[in-house]
Amino acid sequence: MAFDYINALLKKEVTRTPIWVMRQAGRYLPEYRATRKKAGDFLTLCKSSDLACEVTLQPLDRFDLDAAILFSDILTIPDAMGLGLHFVEGEGPKFTHPIKSLAEIEQLAKPDVSQELSYVSEAVSVIKKNLRGRVPLIGFSGSPWTLATYMIEGGSSKTFSKVKGFMYENPKHMHLLLDVLADTIIDYLNSQIEAGADSVMIFDTWGGLLNKERYESFSLRYMSKIVDGIRRDYEGKIVPVTLFTKGGSAWLEQIAASGCDAVGIDWTVEIGEAERRIGSQVALQGNLDPSVLNASPEAIKTEAYKILDQFQGSTGHVFNLGHGITPEVNPENMKVLVDAVHSYSK
């Protein structure tokens with residue numbers, strides 16, 4: 001079965017511009033909030049394949065989306081490494097045992113994803129079965145650098161002073177940590193592909209913190225390693241890979257040269273500019289400012305049309321937000337966006 005989403009990533013012909021939205025299964029949906037309440041807490045929701053499937057499918061039942069994305073969290077890998085992931089209301093993710101010493105990095109072992117993270121591939125299998133071919137399924141992981149920031153900071157941060165200070169002071173140990181994470185992510189994404197994921201995406205949420213030299217050395221280098229290790233041809237189908245660095249517009253050319261199939265962009269770069277710079281090499285994903293969804297339906301349509309008009313190619317564009325949808329968005333505005341993209345792009 002040919003899907004516009006997969007075809008767009010591979011720069012093949014599409015019937016309309018496909019759209020999906022980062023965090024499309026999330027707190028802006030009342031049905032998601034009800035399922036999360038039923039689960040009791042966020043991690044239980046992630047680790048239950050049936051509940052993860054339930055929330056993955058919820059936005060597809062509301063909106064004419066072109067892809068589903070596995071419901072999980074980017075911090076499952078550090079959790080499997082024994083750092084003790086938990087979530088604090090109003091503060092986000094926290095680690096009970098953040099990395100504090102060089103010795104802890106030297107002792108860090110790659111987890112067996114078939115054991116410690118089996119609940120993720122099981123969720124992929126359950127979701128794939130319940131999708132019944134409606135749309136393709138996206139698997140994902142955080143980037144090594146992004147995972148490392150949480151592992152060293154112990155959670156979210158405003159300054160990222162611990163991880164950046166560690167990088168400058170102990171570059172060899174930072175590379176050791178990133179290497180272990182990259183090897184684990186390769187296994188992790190391949191397990192998702194084997195369980196049924198049709199494409200995979202790497203979220204480099206905090207790559208934009210770095211300058212060019214450090215970005216290439218400590219972030220892009222390891223994402224490129226992952227791209228090389230992913231099973232891109234599985235059971236007769238091509239599995240496209242998308243890289244997304246938030247705040248990464250300065251390095252679009254370098255990201256496109258990584259070997260990925262598509263580059264996700266945030267709203268700080270015009271999609272027309274991104275297409276001129278790298279559109280001949282890769283597909284593009286993006287890039288509406290998530291805040292637009294708090295505006296009127298007319299404004300949402302206008303901003304969506306601007307992006308569609310800027311993209312000059314006939315193929316190679318997956319419409320998305322420049323980052324995740326925010327919890328206060330009215331679900332009706334999401335419907336306005338999805339329908340506008342489809343009707344206008346036909």
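The chain is numbered in sequence order, starting from 1.
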A.B. asks: So M334 and L29, do their side chains get closer than 4.5 Å, heavy atoms only?
C.D. replies: no
A.B. asks: In terms of hydrophobic clusters joined by side-chain contacts under 4.5 Å, are V14 and Y344 together?
C.D. replies: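 Different hydrophobic clusters.
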A.B. asks: Are any side-chain N or O atoms of S217 and backbone N or O atoms of E213, one a donor and one an acceptor, separated by less than 3.5 Å?
C.D. replies: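 Judged by distance alone, no pair lies under 3.5 Å.
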A.B. asks: With a 3.5 Å cut-off and no angle check, do the side chains of S114 and D112 form a donor-acceptor pair?
C.D. replies: yes
A.B. asks: Has E270 got a side-chain atom pairing as donor or acceptor with W267's backbone, closer than 3.5 angstrom?
C.D. replies: no
A.B. asks: Mind checking whether S49 and S125 have side chains closer than 4.5 Å, heavy atoms only?
C.D. replies: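 They are not in contact (no side-chain heavy atoms under 4.5 Å apart), so the answer is no.
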A.B. asks: Mind checking salt bridge (charged side-chain N to carboxylate O under 4.0 Å, His left out) for D198 and listing every partner two or more places apart, or none if nothing turns up?
C.D. replies: K128, K237
A.B. asks: For Y234 and N190, which I'm curious about, is there any donor-acceptor pair between the side chains at under 3.5 Å?
C.D. replies: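 N190 and Y234 do not have a side-chain donor-acceptor pair below 3.5 Å.
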A.B. asks: To the nearest 0.5 Å, what is the distance between OG1 (T15) and CZ (F3)?
C.D. replies: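 The CZ atom of F3 is 12.0 Å from OG1 of T15, to the nearest 0.5 Å.
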A.B. asks: Going only through I, L, V, M, F, W and Y residues with side-chain contacts under 4.5 Å, is there a path from I255 to F311?
C.D. replies: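 Yes; tracing contacts between hydrophobic side chains, which count when under 4.5 Å, links both residues.
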A.B. asks: Under 3.5 Å, is there a donor on one side chain and an acceptor on the other for D41 and H86?
C.D. replies: no
A.B. asks: For the atom pair CH2 (W251) and OH (Y215), what is the distance rounded to the nearest 0.5 Å?
C.D. replies: 6.5 Å
A.B. asks: Parallel, tilted or perpendicular: which fits the ring planes of Y222 and H175, with parallel below 30° and perpendicular above 60°?
C.D. replies: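 The arrangement is tilted - the two ring planes meet at 30° to 60°.
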A.B. asks: Would you find a donor on one side and an acceptor on the other, under 3.5 Å apart, between the side chain of D66 and the backbone of W20?
C.D. replies: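 Side chain of D66 to backbone of W20: no pair is present.
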A.B. asks: Is the shortest heavy-atom distance from the side chain of D261 to the side chain of V239 under 4.5 Å?
C.D. replies: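 A side-chain contact is absent here, since even the closest heavy-atom pair is not under 4.5 Å.
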A.B. asks: Side chain to side chain contact (heavy atoms under 4.5 Å, CB included) for L189 and I202? Distances and angles first, verdict last.
C.D. replies: CA-CA 9 Å; L189 290 178; I202 300 171; 4.1 Å; yes
A.B. asks: Report the C-alpha distance between V292 and L337 in whole Å, list the side-chain angles of each, state the deciding distance to 0.1 Å, and finish with yes or no for side chain to side chain contact (heavy atoms under 4.5 Å, CB included).
C.D. replies: CA-CA 10 Å; V292 171; L337 174 64; over 6 Å; no
A.B. asks: About how many Å separate CD1 of I325 and CG of N333, when rounded to the nearest 0.5 Å?
C.D. replies: 8.5 Å
A.B. asks: Under a 3.5 Å threshold, yes or no: a donor from one side chain and an acceptor from the other, between T35 and Q58?
C.D. replies: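 Present: a donor and an acceptor within the cut-off.
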A.B. asks: How close do V227 and S258 get, counting heavy atoms only, and between which atoms?
C.D. replies: CG1-O, 3.9 Å
A.B. asks: Indicate yes or no for a side-chain donor-acceptor contact from E116 to the backbone of M81 under 3.5 Å, with no hydrogens or angles considered.
C.D. replies: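 Such a contact is absent between E116 side chain and M81 backbone.
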A.B. asks: Using a cut-off of 6.0 Å, state whether more than 12 heavy atoms not belonging to E106 lie near its atom CD.
C.D. replies: yes
A.B. asks: Using atom types as modelled and distance alone, determine if a side-chain donor or acceptor of R214 lies under 3.5 Å from a backbone N or O of M167.
C.D. replies: no
A.B. asks: Is the side chain of D204 donor-acceptor paired with the backbone N or O of F244 at a distance under 3.5 Å, no angle test?
C.D. replies: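 Not at all, since once roles are kept as given, no pair shorter than 3.5 Å links the two residues.
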A.B. asks: Quick one: does H342's side chain get under 4.5 Å of I19's, heavy atoms only?
C.D. replies: yes
A.B. asks: Go through the steps for W145 and M223 under the test side chain to side chain contact (heavy atoms under 4.5 Å, CB included), then give the verdict.
C.D. replies: CA-CA 9 Å; W145 167 255; M223 289 195 289; over 6 Å; no
A.B. asks: Using a 3.5 Å distance criterion without hydrogens, assess whether the side chain of K162 forms a donor-acceptor pair with backbone atoms of S157.
C.D. replies: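 Between the backbone of S157 and the side chain of K162 there is no qualifying donor-acceptor contact (under 3.5 Å).
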A.B. asks: Does any non-hydrogen side-chain atom of E194 lie less than 4.5 Å from one of R231?
C.D. replies: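 Yes. Closest side-chain heavy atoms under 4.5 Å.
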A.B. asks: Determine the sole option in T326, V336, L321 for which the side chain to side chain contact (heavy atoms under 4.5 Å, CB included) test with L293 is passed.
C.D. replies: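 Testing each of T326, V336, L321 against L293, the sole residue satisfying side chain to side chain contact (heavy atoms under 4.5 Å, CB included) is L321.
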A.B. asks: Which value, rounded to the nearest 0.5 Å, describes the distance between L70 atom CG and I127 atom CD1?
C.D. replies: 5.0 Å
A.B. asks: I6, L65: one ILVMFWY side-chain cluster at the under-4.5 Å cut-off?
C.D. replies: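 Hydrophobic grouping puts I6 with L65.
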A.B. asks: Quick one: do I105 and L147 end up in the same hydrophobic cluster if we chain Ile, Leu, Val, Met, Phe, Trp and Tyr together by side-chain heavy atoms under 4.5 Å apart?
C.D. replies: yes
A.B. asks: Please check: side-chain N/O of E253 versus main-chain N/O of R277, any donor-acceptor pairing under 3.5 Å?
C.D. replies: no
A.B. asks: Would you name the heavy atoms of L51 and A39 that are closest together and state the gap between them?
C.D. replies: CD1-CB, 3.7 Å
A.B. asks: Taking all non-hydrogen atoms of both residues, which atom of G207 and which atom of S219 are closest, and how far apart?
C.D. replies: CA-OG, 4.4 Å
A.B. asks: Keeping the roles fixed (side chain from D79, backbone from L75), state whether a donor-acceptor pair exists under 3.5 Å.
C.D. replies: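 Side chain of D79 to backbone of L75, a donor-acceptor pair under 3.5 Å: no, none is there.
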A.B. asks: At their closest point, which heavy atom of I185 faces which heavy atom of I77, and how far apart are they?
C.D. replies: CG1-CD1, 3.5 Å
A.B. asks: Can you list the steps and then say if Q285 with T242 is a side chain to side chain donor-acceptor pair (under 3.5 Å)?
C.D. replies: CA-CA 8 Å; Q285 177 181 280; T242 302; 4.7 Å; no
A.B. asks: In Å and rounded to the nearest 0.5 Å, what is the CD1 to OH distance from I193 to Y188?
C.D. replies: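 With rounding to 0.5 Å, CD1 (I193) is 12.5 Å from OH (Y188).
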A.B. asks: Considering non-hydrogen atoms only, spot the tightest contact between G286 and I307 and give its length.
C.D. replies: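 Answer, listing the atom of G286 first, then I307: O-CG2, 4.2 Å.
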A.B. asks: Just by distance, with hydrogens left out, do W206 and Y150 show a side-chain donor and acceptor under 3.5 Å apart?
C.D. replies: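 Result is yes, a qualifying pair exists.
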A.B. asks: Given E169 and M174, is the side chain to side chain contact (heavy atoms under 4.5 Å, CB included) satisfied, shown in steps?
C.D. replies: CA-CA 9 Å; E169 181 69 22; M174 179 60 81; over 6 Å; no
A.B. asks: If the plane angle is over 60° it's perpendicular, under 30° parallel, otherwise tilted; pick one for F140 and F203.
C.D. replies: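 Perpendicular, since the angle between the ring planes exceeds 60°.
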A.B. asks: Do the non-hydrogen side-chain atoms of L243 and V282 ever get within less than 4.5 Å of each other?
C.D. replies: no
A.B. asks: Would I138 end up clustered with M22 when hydrophobic side chains under 4.5 Å apart are linked, directly or stepwise?
C.D. replies: yes
A.B. asks: Using a strict threshold of under 4.0 Å (side-chain N to carboxylate O), is an ion pair present between K225 and D183?
C.D. replies: yes
A.B. asks: Is any side-chain heavy atom of S141 closer than 4.5 Å to a side-chain heavy atom of V200?
C.D. replies: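 The answer is no, as the side chains (C-beta and beyond) never meet within the 4.5 Å cut-off.
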A.B. asks: Donor-acceptor pair, distance only, cut-off 3.5 Å: does the side chain of N287 make one with the backbone of V269?
C.D. replies: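 Checked: pair present.
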A.B. asks: Show the nearest heavy-atom pair for residues V124 and Q192, with the distance to one decimal.
C.D. replies: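 So the two residues come closest at CG1-O, 3.6 Å.
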A.B. asks: Going by the side chain to side chain donor-acceptor pair (under 3.5 Å) test, which pairs reach into residues 21-31, not counting sequence neighbours?
C.D. replies: E31-R62
A.B. asks: With a 4.0 Å cut-off, would you call E303 and K306 a salt bridge?
C.D. replies: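 Salt bridge between E303 and K306, a charged N being under 4.0 Å from a carboxylate O: yes.
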A.B. asks: So, taking the atom named CZ in F71 and the one named CG in L45, what distance separates them when rounded to the nearest 0.5 Å?
C.D. replies: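 CG of L45 is found 4.5 Å from CZ of F71.
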